[in-house]
Participant: 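Before I ask anything, let me first share the structure, which is written out below as structure tokens.
Note that ligands are numbered from 1 as they come in the structure, with each ligand's atoms numbered from 1 the same way. Heavy atoms only: backbone and side chains are in, while hydrogens, waters and symmetry mates are out.
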Amino acid sequence: MTPKTFKIKSFGCQMNVYDGERMSELLAAQGMAAAADGEDADLVVLNTCHIREKAAEKAYSDIGRLRRDDGTKPLIALAGCVAQAEGAEARRRSQMIDIVVGPQAYHRLPEMVAEASRGARPVDTDMPAISKFDAMPQRRRANPSSFLTVQEGCDKFCTYCVVPYTRGAEISRPFDDILSEANALADAGAREIVLLGQNVNAWSHEDLGLADLIRALATIDGLERIRYTTSHPADMTDELIAAHGEVDKLMPYLHLPVQSGSNRILRAMNRSHSAETYLAILEKVRSARPDIALSGDFIVGFPGETDEDFEATLNIVDEVRYASAYSFKYSARPGTPAAVMEDQIPREIMEDRLQRLQERINLHQLAFNRSKVGVDTRILIERAGKLPGQMIGRSPWLQSVHVETDARPGDLVDVTLVAAGPNSIAGALRQKVAA
Ligand code: SAM
Ligand code: SF4
């Protein structure tokens, strides 16, 4: 039976969220409807993440839960990076899976759904030369802050990471395609665009780099804010740094993962930067844009990490004073060089280090938030808050700001930041900005 309703569950990174939106548009273009919250769907797409073991295992436990009380089940598509990494093998782990579709092949999803409805069990984990984006319908819906993937894949081969295997080699989408998608998003109501890529600052097209792309996007009427994530220190060019000081619409926020503060560990990770070169980049960024909010990623418990190495990570956190940061316990991923390195770190040590690191990061996050109290700024309203009349928006520094206002999602409002907690800030309304 051909499914009439669908549900897409995306796990992991923002690129998966973007892919989930595009799959949803593809299925809707075939006449299928998104199932309402809590409603049973005929087709469930699990858009999975393979970056850490826990994320990958989650996919399989979710599949088990899709069996209905009467013993039937929806059509199940395994999408995303678990699908790419495991291919047909995934079905050996769970017979409930009908479709296996990798992140570079999901433009074929409608066709694969039709095949599966006829009883076939299609698998597609190809990485075709023809871009999936060319087969995608025009964007007609947008969020106030919308994602736009401009670059995919990675050639960096950090020794712990599966991305080069699941997302393939680095590719950049053409300049004109991105401009046209950004215009369509702005027409559909996007006020902010977040450019996405595994290594977004490696984006290039002919002789253009990310800074040129940002400058071109900044000329789009109605589009007020631009962000990009995630960047690699090796691709942080002087042009891009300069854009932070020159392009008003480019928000003062930079997510630049370092992973560790120890040069010994950075070398074992194949990160291509040292703690010193990383700090030198941030110094340049701060001189171009002094109020920039800095964010990063950290892995604790990489094989061979000593107490001294870990102290170096705490030190770099103190030195940078991150406005926010993500931190993870190292997870050995099959097929990566680090998975077979000697001296894997026991779980209890990793847990202790993670807790200490997160406490340190939280202190700096709170200090950053508090440093903004008393500041007049503009927020982009994204959604309703928990209390009546309360709305939640984002400051230029990506902080969550709650404010009492009759403004709607997509409105920009001027506020004074009046009180700061670790995860959000209270704003007092000054005025709504005319659209
Ligand atoms: N390309 C980006 C970079 O190099 O900074 C990051 C992309 S990766 C999808 C997101 C984050 O996941 C990484 O920055 C890293 O901190 C974390 N990560 C990747 N592999 C991991 C692993 N095997 N165990 C724990 N964390 C991992
Ligand atoms: Fe993974 Fe390293 Fe590539 Fe980032 S740069 S996606 S961490 S291999």
Side-chain angles (χ1 to χ4, degrees), residues 10-19 47-58 80-82 84-85 103 147 149-172 195-203 210 228-236 254-262 265-273 275 277-278 281-282 294-305 313 316-317 320 322 324-341 344-345 347 350-351 353-354 357-358 361:
S10 290
F11 305 92
C13 66
Q14 290 152 318
M15 297 187 70
N16 264 11
V17 175
Y18 174 86
D19 289 348
N47 190 19
T48 58
C49 172
H50 200 247
I51 198 87
R52 284 168 289 275
E53 190 182 356
K54 228 177 169 174
E57 287 310 313
K58 177 137 189 28
C81 291
V82 174
Q84 186 65 39
F147 293 143
T149 292
V150 301
Q151 181 278 337
E152 286 199 276
C154 182
D155 297 336
K156 305 276 192 290
F157 290 96
C158 299
T159 52
Y160 50 81
C161 185
V162 289
V163 168
Y165 314 100
T166 55
R167 291 268 171 172
E170 250 170 54
I171 54 146
S172 292
L195 304 174
L196 298 181
Q198 235 49 265
N199 274 303
V200 70
N201 57 343
W203 181 87
L210 190 66
Y228 61 94
T229 196
T230 295
S231 296
H232 191 286
D235 298 308
M236 209 62 219
L254 174 66
H255 183 210
L256 195 67
V258 62
Q259 313 297 355
S260 167
S262 153
I265 295 295
L266 288 171
R267 271 193 301 277
M269 287 177 162
N270 191 31
R271 279 296 289 181
S272 83
H273 57 81
T277 54
Y278 175 80
I281 295 167
L282 293 189
L294 295 169
S295 173
D297 288 352
F298 293 91
I299 295 177
V300 297
F302 184 83
E305 185 188 67
T313 295
I316 205 165
V317 169
V320 175
Y322 289 95
S324 66
Y326 303 89
S327 48
F328 313 100
K329 279 181 283 188
Y330 167 72
S331 171
R333 307 307 291 127
T336 59
V340 292
M341 284 180 185
Q344 300 280 326
I345 304 295
R347 196 166 49 95
M350 282 206 242
E351 276 166 5
R353 286 181 187 166
L354 185 67
L357 175 60
Q358 289 183 340
I361 290 168

Participant: Taking a cutoff of less than 4.0 Å between a non-hydrogen atom of the residue and any ligand atom, is Lys156 in contact with ligand 1?
Facilitator: no

Participant: Going by side chain to side chain contact (heavy atoms under 4.5 Å, CB included), Val200 matches just one of Asp235, Val150, Thr230, Thr149. Which one?
Facilitator: Val150

Participant: Relative to the heavy atoms of Lys329, which atoms of ligand 1 are at a distance of less than 4.0 Å?
Facilitator: 24 (N), 25 (C)

Participant: Considering only protein heavy atoms, which is closest to atom 4 (Fe) of ligand 2, and at what distance to one decimal place?
Facilitator: Arg271 NH1, 4.3 Å

Participant: Aromatic rings His273 and Tyr278: how do their planes relate, parallel, tilted or perpendicular, breaks at 30° and 60°?
Facilitator: tilted

Participant: Taking heavy atoms and a distance under 4.0 Å, where does Tyr160 meet ligand 1: side chain, backbone, both or neither?
Facilitator: both

Participant: Quick check on contacts: which atoms of ligand 1 are under 4.0 angstrom from a heavy atom of Gln259?
Facilitator: 5 (O), 13 (C), 14 (O), 15 (C), 16 (O)

Participant: Below a 4.0 angstrom heavy-atom separation, can you tell me which part of Arg271, side chain or backbone, both or neither, approaches ligand 1?
Facilitator: side chain

Participant: Heavy-atom contact under 4.0 Å between Arg167 and ligand 2?
Facilitator: no

Participant: Can you tell me which portion of Asn199 lies within the under-4.0 Å heavy-atom range of ligand 1? Options are side chain, backbone, both, or neither.
Facilitator: side chain

Participant: Look at atom 3 (Fe) of ligand 2 and say which protein heavy atom is nearest, naming residue and atom and giving the distance to 0.1 Å.
Facilitator: Cys154 SG, 2.2 Å

Participant: Could you go through Phe328 and Phe302, starting from their C-alpha distance and side-chain angles, then the distance that decides it, and tell me whether this counts as ring-ring contact (aromatic ring centres under 6.0 Å, His included)?
Facilitator: CA-CA 10 Å; Phe328 313 100; Phe302 184 83; over 10 Å; no

